[in-house]
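Scroll down for the structure; my scribbles are underneath it.
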Amino acid sequence: MDSKILIQTDHLYVQFAIPNGKVCAVNDLNLSIKEGEVLCLVGESGCGKSAFGNSILRLLPDNATLQGHIYYYGKDIVRMPEKEFRLLRGKEIACIPQSAATSLNPLIECGKQVDEVYLLHKEKNKSAARKNTLRLFKMLGLPRLPELAGDYPHELSGGMKQRVLVAMGTAAEPKFIVVDEPTKGLDWARKHEVIERIGYMQSMHNSAMLLITHDFSVAELLSDRIAIMYAGEVVEHGETKQVLQKPQHPYTKGIISALPQNGFKAIEGFSPALTEIPSGCRFHPRCPNATCECTVQHPELQKINEPNHVSRCLYAGV
Amino acid sequence: MLEFKNVTKQYHSGVFGTYITKAVDSVSFSIDANERIGLLGESGCGKSTIARLATKLLYPSKGNIVFNGNDINRMSAGEIKEYRRDVQIVFQNPQQIFNPRMKLYDTIAEPLRLYKLTKCPKEEKEKIDEYMSMFGLTDDILSRYPKEISGGQAQRIAIMRIIMLEPKLIIADEPTTMLDVSVQAQILRLLQNIMDVNKTALLFVSHDLDVIRAMCQKIIVMKDGRILEINTTEEVFEHPKDEYTKFLVGKTNLYNVQSVFTA
Amino acid sequence: MNNKLDGFRHFCRRNSLFVIGSISVILILFTMTVGPSLCTHDPNAVKYSEKCISPCAEYPFGTDFSGRCVLCRVIYGAHISIGVALVVVVVGAFIGVTVGIVAGYAGGAVDSILMRLVEIMLSFPGTIFALAVLGTLGNGTINQIIALTVVRWAHYARLARGETLTVMNSDYIQAAQAIGNSRLRIIVSYIFPNIIGQIIVIATLSIGPVILAGAALSYLGLGAQIPSPEWGLMINGGKEYIRQAPWITLAPGMAAVLTVFAFNLLGEGIGDMIDPRLKEKAEAD
């Protein structure tokens, strides 16, 4: 893999102002994504994974502050003027948002919503845009074409809406797509369909992707690398196969054995709220192997024998 | 114990009610005491309607639902109250099932007060504390409002509230779809323990094959309001009879996070 | 201690509308209750020798055509004008909420009948309907209250029904049913607490219009009767002197405007404060 680095974050911190103080949703994040690579960010709700996705898209709410850098081809998008960034967003950096049910404009036909992406970035006239839209819909396996393009969002099922969103996100053939929980709320069969289509679109345009999810099956099917997040930090990071087959961090081990097919052995306790982060290793209150040292010393990401596999545990690789 | 006899639930739509949609179409099955049954199907197949019919939140258009020999829709007020206590439901969205204007202590105490299970406030508090520690919840939650707790905590409280009534049948309507993997595991463990200890029957409604496979002895497969197949879990997974079941079971093997921890 | 102060400051900054609104309303209510005992003049004492005096130290708002102190009359009048409005809104909201909840909860035929009734009430222009009611009942403050209540309750009923239907669709109502709550309990401890916020907002916002409607009726001579210092009546009395002594009409008019403004501020403030959507938005981030 000699491709160029597309997105790189450098000591990224995202903080939110709350009534009595600040919470740190993303803590010292150093990740990079190469061209055409899929990085999957796995974590529980409230661990800061969506905050990271939104910070790349610069869609953070007003009460958030960002420290550190996010480089897109070496240019820092954190400090880029809004005008300049707007040229990137949508065309080179796109997103497929989380809730299919509410992310489409209910008053506009779904075909038209995809047309608009083409009109904004590529095509000049409407009929050419519609042609492209229909081609894209066909690739995504949407039924009843071309009539479906004239339907309003409420006339589509959840899985179909999600696929229309995938179409909107990929229409401009962006170099980088942030996909936030693409399968949330979808049932088994539909989930599978959406994953297949996202994977297909990704390989078609060879776009890089940041996939945010809490579902390991999605991660396994689509991603090259996985980063596991817990309470605002990356706790393990490595190639998908290595992380899933030889997990190193106790949290990763925990969630993998919590899957139903592995006999759902639960991890004790609850994830800490970002307002009450434990001292030392953030996972120590729930860790089965925690020692005294874990309660005081905050571990750094440690290398493990395999290349590019790191884990934030004092006893990693031991 | 609970039996559905040719139950149909239909909705009328259109100006004169001329369009009829059958959410559930002549469904028959039964649940015995201490049996764990999974109801499997994709969204819109009518499985949630069945859960609501069984808890009297909806009334069937045709057919009877019989509980221990009594038709649940022809019960007297006293029998209804008894039935509501015996058959309890766990909902999908744990964070939306509590009264947002009620403190969690009152929410938890509600079943005790409704069925007059405790005699004085002191006894009530003791009982709640006992259950709280049993469910691994801390006291500080009691003075909070529902929106101030996490989904996993909310679902625990929801289940705890139900267990206080010692029901004979628990209907779980996709209880973990909204939760994270590790929380899902906690909730499923909890349900399993309760089933083992209290000898309660379970109707587990879900679209997740893996979860149903782990939780249930028997599976009912539904599609478009009809039952396609009722069989033991092993049979459904090893020798699926229906084409649709075969399709669903086929999909599970496609992605399978195989890990070294299976043992 | 410092913490408490900080918390208070934060509260004020976040709910500035509510704070300003409630301070003005408290000021008005304070003037209304304490004011009369501070008045040096009898509001109804006629003194033709001192008629139409322009505002001065003795009479801050001047005197009217019968030599009565306008300031004193405005303060005394507040009792009637604001009092009428408060009674109308409270009674109207009580009736309306009861009808609305019953209609929304029962549904079916009950709902249809009650809501048709509400629609009939709403289809009459408010002031004309009140005039008609007063025409049948006769003049007087009590009848004015009845007339305005008859006009107002339907508004609250429609709102309460809509809110009830929204709440009825929530999962927690189903959960409450499933666990065995009786209908009455569901209404009292589930539906009512969850719709009351909206009702309070609308009720507070409607105090202003009701004050104006009451003043309008009195202006037309159908509410309070001469020599009562009701604001509408004062404006009516002063209208012939509007060139020589504009303060006679201006003072009660401004009092009405300020009161309406204060109650509207309070209403908006409460709305901002309790609107769960706004709050959830702030918390989700």
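Chain letters run A, B, ... following the sequence lines, proteins first, then strands; residues in each count from 1.
Counting non-hydrogen atoms of other residues, nucleotides and ligands closer than 6.0 Å to CZ of F124(C) gives a total of 12 or fewer. Around CZ of F94(C), the count of heavy atoms belonging to other residues, nucleotides or ligands within 6.0 Å does not exceed 12. Within a 6.0 Å radius of CZ in R52(B), more than 12 heavy atoms belonging to other residues, nucleotides or ligands are found. For I142(C), the CD1 atom is loosely surrounded, since the number of other residues' heavy atoms within 6.0 Å does not exceed 12. The local environment of CZ in R74(B) is sparse, with at most 12 non-hydrogen atoms from other residues, nucleotides or ligands closer than 6.0 Å.
Using a 4.5 Å cut-off between heavy atoms, L165(B) contacts chain C through its side chain alone, with no backbone atom that close. If you measure heavy-atom distances from Y115(B) to chain C, the contacts under 4.5 Å come from the side chain alone. Neither the backbone nor the side chain of Q92(B) comes within less than 4.5 Å of any heavy atom in chain C.
Side-chain contact check for M102(B) versus P193(C): every heavy-atom pair is 4.5 Å or farther apart.
The nearest pair of heavy atoms linking R84(B) to Q177(C) is CD-O, 3.1 Å. Across all non-hydrogen atoms, the minimal contact from A178(C) to Q88(B) is O-OE1, 3.8 Å. In this structure, A175(C) and F91(B) approach most closely via the heavy-atom pair CA-CE1, 3.5 Å.
The greatest number of non-hydrogen atom pairs below 4.5 Å with chain B, out of S189(C), S170(C), S182(C), A176(C), is found for S189(C). When each of I80(B), V87(B), N99(B), I97(B) is scored by its heavy-atom pairs under 4.5 Å with chain C, the top score falls to N99(B).
How far CG of N181(C) is from CZ of R113(B): 11.5 Å, rounded to the nearest 0.5 Å. Rounding to the nearest 0.5 Å places CZ of R101(B) at 11.5 Å from CZ of F192(C). In this structure, I179(C) CD1 and I162(B) CD1 are separated by 6.0 Å, a value rounded to the nearest 0.5 Å. Atoms OH and CD, from Y190(C) and E110(B) in turn, are 3.0 Å apart once rounded to the nearest 0.5 Å.
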### Query
Does the pair Q174(C) and T55(B) meet the rule for a side chain to side chain contact (heavy atoms under 4.5 Å, CB included), with working shown?
CA-CA 10 Å; Q174(C) 288 208 330; T55(B) 38; over 6 Å; no
